[in-house]
Amino acid sequence: MDKILEQQRRFFNQGLTRDVKFRLAQLKILKKNLPLLEDQVLQAIKRDFGKPEFESYISEFGQIKKEIDFFIRHLRSWSRPEKRSSILLNFPSFSEIRYEPYGLVLIISPWNLPFHLAMLPLIGALAAGNCVVLKPSELSANTSRVIAGFINNLFDKSLVFVIEGGVETSQMLLKERWDYIFFTGSKAVGKIVAQQAARNLIPCTLELGGKSPVIVTAQAHLKNAAKRIVWAKFFTGGQTCIAPDFVLAHESVYENLLQEMKAVITRFYGPDPSQSPDYSRIINKHHWQRIKDLIGAANVCCGGQTNPEQLYIAPTILRDTNWSDPVMAEEIFGPVLPVIRYREKDEIVAKLQQMEKPLAAYIFSESAEEIEYFLKRLLFGGGVVNDALVHYVNHHLPFGGVGQSGFGRYHGKESFLTFSHAKAVVHRWRMFDLPLRYPPYTAVKFKFLKKLFDWL
Ligand code: NAD
């Protein structure tokens, strides 16, 4: 690793990556070779946790193709120095922001969208002119192997290198002197990353998780809400960072919503979802056991079946959940959906405001007034009204958490900005050199200075 870092540092300092033509060339290499990888990626993710190819295409492969195209289209204009107004105190002058790469970037990614969450920050970091070391997750080992083979064959390791490995590798990497760290994963590991980064004052982005609520009000269109909540929750077997974690349903629609969601599950996955090719498995035994325990003695409305050999947990809805139930303690990150009944909207807002700020929130209502009520009072990373998950795929929007769900943002232009330092530069000339600012600071000068601040 030391040798690779030394090579990357030397290469970065040569300045080649500052040239936008060089960066575009790297993106074009990625674009040209990506189609060769499609089948391998979809199959690898399927082997990792049985994720249907259709879901992998929408949420992983297709997204990466789109992101590369978007960057190729806009990178020149994003990279141009940006003029900013000058101020009279600096007259005459000209001010600008230059977007410059940080240098050496470490990216650590999780297993749940194993291709997407490794490649998306990689594209942003390279496009901004950085050198990159990427460590994908050891839990999605098949996909990580495909990524490492692809990237390490395509690029010189002095520009980008993928290192496979687990926790020790990650910890070894975190001790190095990076110029930027981009981490996606759990809150617990996020804290470790932030501590390591702080040791060397390394700027970082933390893309973490949280308990993302869904609110279904008395004025929601129930069939629409049920269909979209079920789709979003059980997509990738509930193992997405922005999956609906729990539902807050108004008491007047509570029973109907449960019945509708139950019917939708059967419509989507058949009477026995374990036979459906469209339903994912849990990533490993540890997580399977953790999720199974959450179902425990809870009041199961539908689902609840499990199979340890297949790491299968049926799409499960829990009814009459209380805030104090174990399932409400931590992010569920699996196919279990507790549904809590509420009476007054103030009561749930007060409760949500006491909880950690989530990565996402979803509001189902046909009333603009009600939607505004919640949007104005709840703080969350990003969200959707009358649907779920879909904000994630809009590359015109920033994506990131707030509070305990992380800090920093990326996707599209936000990725470029995240991996660039905005260098502020003022250009001055020799003429009109106001003698006022130079010592000795006489009383007259001081008086004039005060007047000047009043005028400007
Ligand atoms: P994780 O935190 O366990 O692992 C993420 C990465 O950190 C892996 O590459 C792993 O090797 C490494 N790692 C694990 N333990 C470490 C340690 N002690 N020291 C240093 N590195 C370590 O997360 P996960 O289980 O892979 O992913 C699930 C979590 O990620 C969920 O909480 C989910 O909400 C979150 N997530 C967030 C986003 C987002 O965009 N905000 C996206 C996907 C997942």
Side-chain angles (χ1 to χ4, degrees), residues 45 48-49 51 59-60 63 106-122 124 133-141 143-145 147-148 162-176 178 181-197 199 204-212 233 235-245 282-288 290-291 329-334 356-360 380-383 389 391-393 397-411 414-415 418:
I45 302 173
D48 281 329
F49 57 106
K51 181 166 166 175
S59 62
E60 309 228 26
Q63 290 300 319
L106 170 66
I107 297 172
I108 300 179
S109 58
W111 58 266
N112 68 313
L113 291 177
F115 185 67
H116 178 96
L117 294 171
M119 294 296 289
L120 206 73
L122 178 72
V133 170
L134 162 67
K135 195 210 79 69
S137 174
E138 69 282 14
L139 300 190
S140 46
T143 314
S144 299
R145 203 166 311 124
I147 297 171
V162 179
I163 178 167
E164 289 177 81
V167 176
E168 298 82 46
T169 309
S170 196
Q171 287 175 343
M172 176 270 289
L173 289 168
L174 285 168
K175 290 195 182 108
E176 300 289 348
W178 304 96
I181 298 176
F182 189 99
F183 172 80
T184 310
S186 61
K187 215 155 75 174
V189 181
K191 287 181 187 169
I192 297 173
V193 172
Q195 274 172 5
Q196 288 291 348
R199 253 180 244 279
C204 63
T205 294
L206 299 182
E207 293 284 343
L208 312 176
K211 283 188 90 60
S212 301
K233 176 66 190 184
F235 188 93
T236 308
Q239 301 165 106
T240 61
C241 54
I242 48 173
D245 191 273
I282 306 303
I283 185 72
N284 62 19
K285 193 72 194 280
H286 163 75
H287 283 289
W288 178 86
R290 178 185 63 76
I291 301 163
E330 292 289 335
E331 178 185 15
I332 297 169
F333 218 62
E356 299 299 353
K357 297 172 194 83
L359 186 57
F380 49 88
L389 301 195
H391 62 304
Y392 188 81
V393 295
L397 288 175
F399 180 82
V402 55
Q404 299 276 305
S405 54
F407 48 78
R409 59 201 68 81
Y410 74 135
H411 287 200
E414 295 296 328
S415 287
T418 284

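In each ligand, atom 1 is the first atom listed, and ligand 1 is the first ligand listed.
- Between Gly210 and ligand 1, not a single N/O pair is under 3.5 Å apart.
- Nearest protein neighbour of atom 5 (C) of ligand 1, counting heavy atoms only, is Thr184 O, 3.8 Å.
- Within the 3.5 Å criterion, the main-chain N or O of Pro110 finds no donor-acceptor partner in the side chain of Ser137.
- With ligand atoms numbered from 1 in the order given, ligand 1 contributes 18 (N) to contacts under 4.0 Å with heavy atoms of Ile192.
- Remark: distances from the non-hydrogen atoms of Gly401 to ligand 1 are all 4.0 Å or more.
- Under the ring pair (Phe, Tyr, Trp, His ring centres under 6.0 Å) criterion, Phe399 pairs with Tyr392, His411, sequence neighbours left out.
- Residues satisfying the salt bridge (Lys or Arg N to Asp or Glu O under 4.0 Å) criterion with Lys51, sequence neighbours excluded, are Glu60.
- Using a distance-only test at 3.5 Å, with no hydrogens or angles considered, a donor-acceptor pair links the side chain of Ser144 to the main chain of Ser140.
- Remark: ligand 1 atoms within the under-4.0 Å shell around heavy atoms of Ile108 are 6 (C), 7 (O), 9 (O).
- If you look at Ala188 next to ligand 1, there are no close heavy atoms at all, none under 4.0 Å.
- Glu207 and Arg409 get closest at one heavy-atom pair: OE2-CA, 3.9 Å.
- Here Leu359 has side-chain heavy atoms under 4.0 Å from ligand 1, and that is the only part of it that gets that close.
- By the 4.0 Å heavy-atom criterion, Leu113 is excluded from the residues contacting ligand 1.
- The shortest heavy-atom contact between Gly334 and Ile291 is CA-CD1, 3.7 Å.
- In this structure, atom 13 (N) of ligand 1 lies nearest to the protein heavy atom Val189 CG1, 3.8 Å.
- Remark: ligand 1 and Lys187 share no N or O pair separated by less than 3.5 Å (distance only, no angle test).
- Taking every non-hydrogen atom of Phe399 and a distance limit under 4.0 Å, the qualifying atoms of ligand 1 come out as 40 (O).
- You'll find the side chain of Phe183 stays beyond 4.5 Å of the side chain of Thr205, heavy atoms only.
- Of the protein's heavy atoms, Glu331 OE2, 2.6 Å lies nearest to atom 34 (O) of ligand 1.
- Remark: the backbone N or O of Ile332 is paired with a side-chain donor or acceptor of Arg290 at under 3.5 angstrom.
- For ligand 1, the atoms lying closer than 4.0 Å to a non-hydrogen atom of Gly209 are 34 (O).
- Proximity of a side-chain donor or acceptor of Thr240 to a complementary backbone N or O of Ala243 within less than 3.5 Å is detected.
- Listed by number with element, the atoms of ligand 1 under 4.0 Å from a non-hydrogen atom of Phe333 are 28 (C), 31 (C), 33 (C), 34 (O).
- Close approach to Gln171 involves these atoms of ligand 1, each under 4.0 Å from a residue heavy atom: 17 (C), 18 (N), 19 (N), 20 (C).
- Counting atoms of ligand 1 from 1 in the listed order, those under 4.0 Å from a heavy atom of Glu138 are 10 (C), 11 (O).
- The heavy-atom pair separating Gly381 from Val402 by the smallest distance is N-CG1, 3.6 Å.
- Taking 4.0 Å as the cut-off, Ser137 counts as a neighbour of ligand 1 on heavy-atom distance.
- Residue, atom and distance of the protein heavy atom nearest to atom 7 (O) of ligand 1 are Phe183 CE1, 3.4 Å.
- Counting heavy atoms under 4.0 Å from ligand 1, residue Leu208 touches it through the backbone alone.
- The nearest heavy-atom contact from the protein to atom 25 (O) of ligand 1 is Trp111 NE1, 3.0 Å.
- Of the protein's non-hydrogen atoms, Cys241 SG, 3.1 Å is the one closest to atom 42 (C) of ligand 1.
- Minimum interatomic distance between Phe49 and Asn112 (heavy atoms only, all atoms of both residues): CZ-O, 3.3 Å.
- Lys357 contributes no side-chain N or O that, together with a main-chain N or O of Gln404, makes up a donor-acceptor pair within less than 3.5 Å.
- Nearest protein heavy-atom neighbour of atom 44 (C) of ligand 1: Asn112 OD1, 3.3 Å.
- In terms of modelled atom types and a separation under 3.5 Å, the side chain of Gln195 and the main chain of Ile192 share no donor-acceptor contact.
- If you number the atoms of ligand 1 from 1 as listed, the ones under 4.0 Å from a heavy atom of Pro110 come out as 24 (P), 26 (O), 27 (O), 43 (C), 44 (C).
- The single protein non-hydrogen atom nearest to atom 21 (N) of ligand 1 is Ser170 OG, 2.7 Å, given as residue, atom name and distance.
- Using a 4.0 Å cut-off between heavy atoms, Leu117 contacts ligand 1 through its side chain alone, with no backbone atom that close.
- For the residue pair Thr143 / Asp48, a side-chain donor-acceptor distance below 3.5 Å is found, with atom types taken as modelled.
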| message | Could you go through Phe333 and Trp288, starting from their C-alpha distance and side-chain angles, then the distance that decides it, and tell me whether this counts as ring-ring contact (aromatic ring centres under 6.0 Å, His included)? | response | CA-CA 10 Å; Phe333 218 62; Trp288 178 86; over 10 Å; no
